[in-house]
Amino acid sequence: MVYSLAVPRVASFRSVAPDDQPRGLEPSRPKVGLCLSGGGFRAAFYGLGAVRYLSEARLLPSVTAISAISGGSLAAAKIAAHWPAFAEAGTGAFLDTVWEPMRRTVADVNIRNRWLASVASGRGVGRGGRGVVLGEVLRRELGLPLELADLPGGPHVIFTSTCLQTGRAFRFARDFTGSWDFGYVEPTPAGVKLGTALAASAAFPITFTVVRVQTKDLNLPMAVPPEISLVDGGVYDNLGLEWFQGSGSGRPRTTDADFVLVVNASGVLDQKRRRFGAGRAIFRDLSVQYSQTLNVRVRWFVDQLKAAPGSGLYVGINRDPRKYTLIDGRTPIDPQLYDGALPSSLAQRMPLVRTDLDRFSRDETELLAYHGYWSTHSRLATFRPDLAVEHPEWREFADLSPAEEQRLAVILDDARQRSLIRRGA
């Protein structure tokens with residue numbers, strides 16, 4: 001299956017402007033809706049690589065809404081918090097205000113272990129449970145504002161969680177909060193913590209983390225229980241795509257998007273040769289159901305793109321840019337469009353990187369983001385060359401020696417393994 005769309009090629013690409021040149025919204029730029037999927041820090045840094053490319057392509061001022069899930073929500077929160085400082089200032093400002101601070105934090109601190117230590121000590125564990133503690137640790141360590149209302153103006157950033165009472169999405173944003181079942185309040189009342197939104201979006205059930213939210217101060221317009229239980233938004237929609245699937249369902253209006261870019265760092269359901277007993281079968285059942293739900297959304301989106309060429313793009317971590325094809329699914333793309341991409345031996349390891357919130361090394365974050373950057377370029381330059389850059393600036397892993405490629409392969413193989421202790425405090 002080809003996860004992209006076809007539009008006529010043009011003779012040349014538009015070149016990127018210098019970093020110190022203001023980058024205002026050009027009249028020909030489409031309004032961009034961006035989806036950042038779930039997948040822990042793997043998704044956060046793969047998504048940041050795509051955003052780095054959008055900055056270089058002068059597309060950030062065109063972004064009107066970011067729909068984010070779980071790990072993608074962490075990247076989206078950092079982006080939203082610093083948006084005025086870099087959106088129109090160029091790639092250098094993005095690297096200084098978002099990329100480097102987030103990489104430094106994740107490389108120096110094991111956020112997951114700090115959360116577990118707080119839970120074990122009982123610090124901050126109140127009516128909201130361990131999920132609220134997770135949110136506060138994430139917010140503090142990533143240097144984010146205290147409340148949703150403190151986020152500066154910019155694109156609408158929608159943090160999606162899954163409500164266990166209804167089995168559907170519950171969303172937080174600066175300008176609204178609520179769901180289809182309970183209605184939306186606009187704007188989000190003062191006092192709603194950004195950390196709560198992050199935790200609700202990233203509270204994967206297998207960690208026994210549920211975010212309990214008292215509803216009395218939300219002033220939702222429909223009948224709502226006194227307390228709702230929220231878990232990872234990826235349980236409902238790990239792409240964040242549903243937000244852009246139509247505005248006729250009682251949701252608040254955000255600026256319409258002419259072009260939807262889905263950046264998906266979800267993993268793959270790998271084959272197993274082991275025998276499955278009752279216990280293992282339960283978890284395998286959940287994995288199969290999750291995988292098929294995700295694939296249905298991807299197929300729906302791809303069909304929409306084929307029916308409306310030019311309306312969006314799908315970028316997936318499990319796809320090697322060196323194997324991209326045109327819309328016919330057979331014709332390889334121009335090799336120049338992936339000449340700086342990761343070697344296939346490294347690209348095929350990227351969807352296997354762990355998805356939790358422990359410490360990630362600088363090599364791991366760099367490789368994830370680089371893969372996101374070149375995946376975005378290869379897709380965009382093939383199917384929307386009018387939006388792409390001619391010569392991508394980031395080429396750090398373009399010409400690796402065999403020894404360096406092997407060294408990085410070892411790092412990525414190690415990155416698959418989860419550990420409570422050895423990755424640092």
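As a basis for the values below, the full set of heavy atoms in this structure was taken, side chains included, without hydrogen atoms, waters or symmetry mates.
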Could you state the interatomic distance from CG (Leu239) to CZ (Phe301), rounded to the nearest 0.5 Å?
-> 9.0 Å

Do the side chains of Val262 and Val298 get nearer than 4.5 Å, heavy atoms only?
-> no

Scan side-chain atoms only and decide if Ser345 and Glu405 contain a donor-acceptor pair under the 3.5 Å cut-off.
-> yes

Do side-chain atoms of Ser201 reach the backbone of Ala197 as a donor and acceptor pair under 3.5 angstrom?
-> no

When rounded to the nearest 0.5 Å, the distance separating CG of Leu380 from CG of Leu54 is 7.5 Å

What closest approach, in Å, do Ala89 and Ala85 show between heavy atoms, and which atom pair accounts for it?
-> CB-O, 3.8 Å

Residues which pass ring-ring contact (aromatic ring centres under 6.0 Å, His included) with Phe397, listed by chain and number, not counting sequence neighbours | Tyr370

Would you name the heavy atoms of Ala200 and Ser161 that are closest together and state the gap between them?
-> O-CB, 3.1 Å

Between the side chains of Ser361 and Asp363, is a donor N or O closer than 3.5 angstrom to an acceptor N or O?
-> no

To the nearest 0.5 Å, atom CZ of Arg319 lies from atom OG of Ser375 at 11.0 Å

Does the Tyr324 side chain pair with the main chain of Ser378, one donor and one acceptor, at a distance under 3.5 Å?
-> no

Could you point out which residue of Thr196, Asp175, Val157, Val192 forms a side-chain contact (heavy atoms from CB on, under 4.5 Å) with Leu148?
-> Val192

Say whether, by atom type as modelled, one donor and one acceptor occur between the side chain of Arg42 and the main chain of Thr355 under 3.5 angstrom.
-> no

Does the ring of Tyr184 carry Arg171 above it, NZ/CZ under 6.0 angstrom from centre and within 45° of its axis?
-> no

Side chain proximity check, Glu56 to Phe94, heavy atoms < 4.5 angstrom = no

Would you say the side chain of Ser179 lies within less than 4.5 Å of the side chain of Thr166, judging by non-hydrogen atoms?
-> no

Which distance, rounded to the nearest 0.5 Å, do you find between the OG of Ser55 and the OH of Tyr373?
-> 9.5 Å

Would you say the side chain of Leu342 lies within less than 4.5 Å of the side chain of Trp374, judging by non-hydrogen atoms?
-> no

State whether the side chain of His377 and the backbone N or O of Tyr53 hold a donor-acceptor pair below 3.5 Å, judged by distance alone.
-> no

Shortest non-hydrogen pair, Leu48 vs Met102, comes out as CD1-SD, 3.8 Å

Residues in salt bridge (Lys or Arg N to Asp or Glu O under 4.0 Å) contact with Glu404, at least two apart in sequence or another chain | Arg407

Between Glu364 and Arg103, is there a side-chain N and carboxylate O pair less than 4.0 Å apart?
-> no

Quick one: is the NZ or CZ of Arg354 closer than 6.0 Å to the six-membered ring centre of Phe360, and within 45° of its axis?
-> yes

Polar side-chain atom of Trp243 near backbone of Ile66 as donor-acceptor pair, under 3.5 Å = no

For Ala341, does its backbone N or O pair with a side-chain atom of Arg322 as donor and acceptor, under 3.5 Å?
-> yes

Are any side-chain N or O atoms of Thr188 and backbone N or O atoms of Ala173, one a donor and one an acceptor, separated by less than 3.5 Å?
-> yes

Minimum-distance pair of heavy atoms, taken over all atoms of Phe383 and Ile327 = CE2-N, 4.1 Å

For atom CG of Asp303, is the number of surrounding heavy atoms from other residues, nucleotides or ligands below 6.0 Å larger than 12?
-> yes

Sidechain-backbone polar pair: Asp150 side chain, Pro145 backbone, donor-acceptor under 3.5 Å = no

For the student: nearest non-hydrogen atoms of Arg416 and Leu352, plus distance | CG-O, 3.4 Å

So, Arg384 side chain and Gly310 main chain: donor-acceptor pair closer than 3.5 Å or not?
-> yes

Intermediate values then yes/no, ring pair (Phe, Tyr, Trp, His ring centres under 6.0 Å), Trp180 and Tyr236 = CA-CA 13 Å; Trp180 183 87; Tyr236 181 76; over 10 Å; no

So do Phe45 and Val106 actually touch side chain to side chain, heavy atoms under 4.5 Å?
-> yes

Where is the tightest heavy-atom contact between Glu88 and Pro61, given as atom of each residue plus distance?
-> CG-CG, 3.8 Å

Applying ring-ring contact (aromatic ring centres under 6.0 Å, His included), name anything that partners Phe170, two or more places apart in sequence or on another chain.
-> Phe172

Test item: Glu141 and Arg114 side chains (from C-beta on) under 4.5 Å apart, heavy atoms = yes

Could you grab the distance from atom CG of Leu138 to atom CG of Leu198, nearest 0.5 Å is fine?
-> 6.0 Å

Side-chain touch Leu34/Val51, heavy atoms, less than 4.5 angstrom | yes

Under the 3.5 angstrom rule, does the side chain of Thr162 hit a backbone N or O of Asp232 as a donor-acceptor pair?
-> yes

Point-to-point distance, once rounded to the nearest 0.5 Å, from NZ of Lys193 to CG of Leu146 | 5.0 Å

